[in-house]
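Values below: every heavy atom of this structure, side chains too, minus hydrogens, waters and symmetry copies.
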Amino acid sequence: MQDASSTYGTDSLSEMKGETNSAIREVRITTPARLHFSLIDLNGQLGRIDGGFGLAINEPNFKIVAEPATEIHVESDAYQKRACEILTHLQTIYQFPGIKLKLISEIPTHSGFGSGTQLSLAIATAVNVLYDLKLSLLELATAVGRGGTSGIGVAAFDSGGFIVDVGHQYPEQKASFLPSSAADDISPPPILFQQSFPNWQLLIAIPNCSRIYGEEELNLFRTLCPQPPSVAPKLTHILLLQILPALLENNMHQFSKALNHIQTFGWKKVEIDAQGDELKQTLEFMQNNGALGGGVSSWGPAICAVSEDIVELKRKTEMFLSTLPNGGTCFITSANNTGAEIKIVD
C-alpha cells in the first residue's frame, strides 16, 4: 500500500480507540482488482486445503473518499447496502461514531474481480486511518471476514503483484471447503510468493452471462468437493515449473501455455463448466483469435488474456461479444504491482 503504510502496525488498539484523528479531513483509497487463476487443493489429503495463485490489476477499481462523521452515510451505485453492512459490523467492534463514504468508481459485482474483499478492506482501512485504530491489515481482514479461502485478494490490496498463497491447515485451521463468505473466523493464509508481474498488457473480457455467488456457490463447493487427489500435484507442477519461471524470465509464451492448460482440468474446469456455453465460447474465441493464453478468473465471467497484439485482440473480441445474446464488454488493463493507494488529506 502507498502513502499510509505506517498506519498498519501489529499493536492492539490505542487509547484513542473510537476518537477521530483530528488532523485528518478525509482519506482517499484506490484499490486494485484481483484475478484468481485457480485454487490448488480442494482435497486435503496432505493436510492443507485451498491455496491459490492470482494477480492484482489496475482496472477495474474502487475509488473511495471517506470522511469522519457522527453517523454512517454511504453514496454508491451498486454497493450502498453492502458498504453499510460492513460499516455497521465494524462499528459494533470498534465503536467509532460514524463515517461518510463516497464510492467514485466501483468494481463490477460477482464478476471474478474479488470486489467483496477489496471493498471490505478499503472500508476497514478508511475506518482504521480516520479513527487511528492502529490495526494491521491482517487484523482488518479478519474483522471483515475476508481471506477464509484465498489470500490473494488481501495480498493484492496490500502490495499487488503475482501472488501464491499456501492455504489453510486441514482440518485444524479450516474444516470445510466453503468459500470466504461462509468461512467464519478464519484468517488469511500465509503468502508463499509475491512478485512484480511483467509489464504485459492484459485484455479483460466479460460476457454478460450468469453470475455465480451466494447459495449457488455454496452448493457447488458442497457437492463438488473434495476434488480428486490427483488434481493438486498436477496443478502445483504447472505452477512451480511453468508459471513461476515464466514470470521470473519474462516469458509471455510459457506463461500463456500454462494458463491455457489450467482451464482444462481440476477446479478451474468446474468453474468454467458451471458458467456454461457463453463463457466457454468467449474463452475459446480469444484463444483462437490472437490470445497466446486466456484464463477465467474465479467463477468468472471475467476472462484475462495475454497477446502480442492486444489492440487487435480487443477489436476481434468486441465483435465476438456483440454476437452473444446478451453482449459483453472488454477493456485493456495492466498488473498492479503496488497494492492499494491510500492518500490522507489534512
**Q** Establish whether Ile107 and Leu203 are linked, either directly or via other cluster members, by ILVMFWY side-chain heavy-atom contacts under 4.5 Å.
**A** no
**Q** Between Glu271 and Lys268, is there a side-chain N and carboxylate O pair less than 4.0 Å apart?
**A** yes
**Q** Quick check: are there more than 12 heavy atoms from other residues, nucleotides or ligands sitting under 6.0 Å from NZ of Lys269?
**A** no
**Q** Compare all side-chain heavy atoms of Glu278 with those of Pro325 and state whether any distance is below 4.5 angstrom.
**A** yes
**Q** How close do Pro226 and Asn43 get, counting heavy atoms only, and between which atoms?
**A** CB-CA, 3.9 Å
**Q** If only side-chain N and O atoms count, and only distance matters, is there a donor-acceptor pair under 3.5 Å linking Ser334 with Asn58?
**A** yes
**Q** Taking C-beta and beyond as the side chain, do Trp267 and Val270 meet within less than 4.5 Å on heavy atoms?
**A** yes
**Q** Using a strict threshold of under 4.0 Å (side-chain N to carboxylate O), is an ion pair present between Lys134 and Glu139?
**A** no
**Q** Rounded to the nearest 0.5 Å, how far apart are CG of Leu279 and CD1 of Ile303?
**A** 4.5 Å
**Q** When you measure from the side chain of Ser196 to the backbone N and O of Asn337, does any donor-acceptor pair fall under 3.5 Å?
**A** no
**Q** Same hydrophobic cluster for Ile163 and Leu138, using side-chain heavy-atom links shorter than 4.5 Å among ILVMFWY?
**A** no
**Q** Report whether Val154 and Ile342 are members of the same hydrophobic cluster (ILVMFWY, side-chain heavy atoms less than 4.5 Å apart, transitive linking).
**A** yes
**Q** Quick one: CG on Leu130 to CZ on Phe96, what's the gap to the nearest 0.5 Å?
**A** 9.5 Å
**Q** Without swapping roles, check the side chain of Ser105 against the backbone of Lys63 for a donor-acceptor pair under 3.5 Å.
**A** yes
**Q** Fit a plane to each ring of Phe285 and Phe320, take the angle between them on a 0 to 90° scale, and name the class: parallel (under 30°), tilted (30 to 60°) or perpendicular (over 60°).
**A** parallel
**Q** Scan for ring-ring contact (aromatic ring centres under 6.0 Å, His included) pairs involving residues 42-62, sequence neighbours excluded, and state none if there are none.
**A** Phe62-Tyr79
**Q** Is there a side-chain contact between Pro32 and Ile57 in this structure, where contact means two heavy atoms from C-beta onward sitting under 4.5 Å apart?
**A** no
**Q** For the side chain of His36 and the backbone of Trp299, is there at least one donor-acceptor N/O pair under 3.5 Å apart?
**A** no
**Q** How long is the span from the CD atom in Gln242 to the CG atom in Leu259, to the nearest 0.5 Å?
**A** 11.0 Å
**Q** Heavy-atom distance under 4.5 Å between the side chains of Thr149 and Leu178, does that happen here?
**A** no
**Q** Going by heavy atoms in the side chains, are Asn219 and Arg222 under 4.5 Å from each other?
**A** yes
**Q** Donor-acceptor check, side chain of Gln275 to backbone of Ser210, threshold 3.5 angstrom: yes or no?
**A** yes
**Q** Could you walk me through whether Leu202 and Leu55 pass the side chain to side chain contact (heavy atoms under 4.5 Å, CB included) check?
**A** CA-CA 11 Å; Leu202 307 170; Leu55 175 67; 3.8 Å; yes
**Q** Restricting to non-hydrogen atoms, name the atom on Arg34 and the atom on Ala156 that form the minimum distance, rounded to 0.1 Å.
**A** CB-CB, 4.1 Å
**Q** For the atom pair CD (Gln173) and CZ (Arg48), what is the distance rounded to the nearest 0.5 Å?
**A** 6.0 Å
**Q** Quick check: does any side chain N or O of Asn326 sit under 3.5 Å from a backbone N or O of Pro207, one acting as donor and the other as acceptor?
**A** no
**Q** I'd like to know whether CG of Asn288 has more than 12 heavy-atom contacts from other residues, nucleotides or ligands below 6.0 angstrom.
**A** yes
**Q** Look only at the side chain of Asn128 and the backbone of Ala124, and say whether a donor-acceptor pair between them is shorter than 3.5 Å.
**A** no
**Q** Just so I know, are the side chains of Met319 and Arg315 near enough to count as touching, which here means a heavy-atom distance under 4.5 Å?
**A** yes
**Q** Please report the closest heavy-atom contact between Lys174 and Asp50, naming both atoms and the distance.
**A** NZ-OD2, 2.9 Å
**Q** Run the side chain to side chain contact (heavy atoms under 4.5 Å, CB included) check on Leu321 and Thr329 step by step: do they pass?
**A** CA-CA 7 Å; Leu321 291 170; Thr329 59; 5.6 Å; no
**Q** Taking atom types as modelled and ignoring hydrogens, do the side chains of Lys81 and Ser76 form a donor-acceptor contact shorter than 3.5 angstrom?
**A** no
**Q** Is atom CD of Glu71 surrounded by more than 12 heavy atoms (other residues, nucleotides or ligands) closer than 6.0 Å?
**A** no
**Q** Return yes if some donor-acceptor pair links the side-chain N/O of Gln118 with the main-chain N/O of Asn61 below 3.5 Å, else return no.
**A** no
**Q** Rounded to the nearest 0.5 Å, what separation is found between the CD1 atom of Ile344 and the CD1 atom of Ile29?
**A** 9.0 Å
**Q** Do you reckon Leu248 sits in the same ILVMFWY cluster as Leu192, going by side-chain contacts under 4.5 Å, direct or chained?
**A** yes
**Q** With rounding to the nearest 0.5 Å, note down the distance linking CG in Leu101 to CG in Leu119.
**A** 8.0 Å
**Q** Got more than 12 heavy atoms from elsewhere within 6.0 Å of OH, Tyr213?
**A** no
**Q** For a quick test of reading the model, state the closest non-hydrogen atom pair linking Pro189 to Ser150 and the distance between them.
**A** CD-C, 4.0 Å
**Q** Between Leu283 and Val296, which heavy-atom pair has the shortest distance, and what is it?
**A** CD2-CG2, 4.2 Å
**Q** Let me see the working for Glu75 and Lys100 under side chain to side chain contact (heavy atoms under 4.5 Å, CB included), right down to the final yes or no.
**A** CA-CA 8 Å; Glu75 296 179 30; Lys100 181 180 179 181; 3.9 Å; yes
**Q** Do Phe37 and Ile243 pass the side chain to side chain contact (heavy atoms under 4.5 Å, CB included) test, and can you show the C-alpha distance, the side-chain angles, and the key distance before you say yes or no?
**A** CA-CA 11 Å; Phe37 292 123; Ile243 292 179; over 6 Å; no
**Q** Is a side-chain N or O of Thr88 found less than 3.5 angstrom from the main chain of Glu85, in a donor-acceptor match?
**A** no
**Q** So Phe113 and Phe331, would you call those rings parallel, tilted or perpendicular, with 30° and 60° as cut-offs?
**A** tilted
**Q** State, yes or no, whether a side-chain contact exists between His261 and Lys234 at a heavy-atom distance under 4.5 Å.
**A** yes
**Q** Would a single hydrophobic cluster contain both Phe255 and Ile310, if residues Ile, Leu, Val, Met, Phe, Trp and Tyr are joined by side-chain heavy-atom contacts under 4.5 Å?
**A** no
**Q** Leu220 versus Ile212: any side-chain heavy-atom pair under 4.5 Å?
**A** yes
**Q** If only atom types and distance count, is the side chain of Thr70 paired as donor or acceptor with the main-chain N or O of Pro97 below 3.5 Å?
**A** no
**Q** So which atom in Ala66 and which in Ile99 form the shortest heavy-atom distance, rounded to 0.1 Å?
**A** CB-CD1, 4.0 Å
**Q** Looking only at atom types and distance, does a side-chain atom of Arg211 sit under 3.5 Å from a main-chain N or O of Cys209, one as donor and one as acceptor?
**A** yes
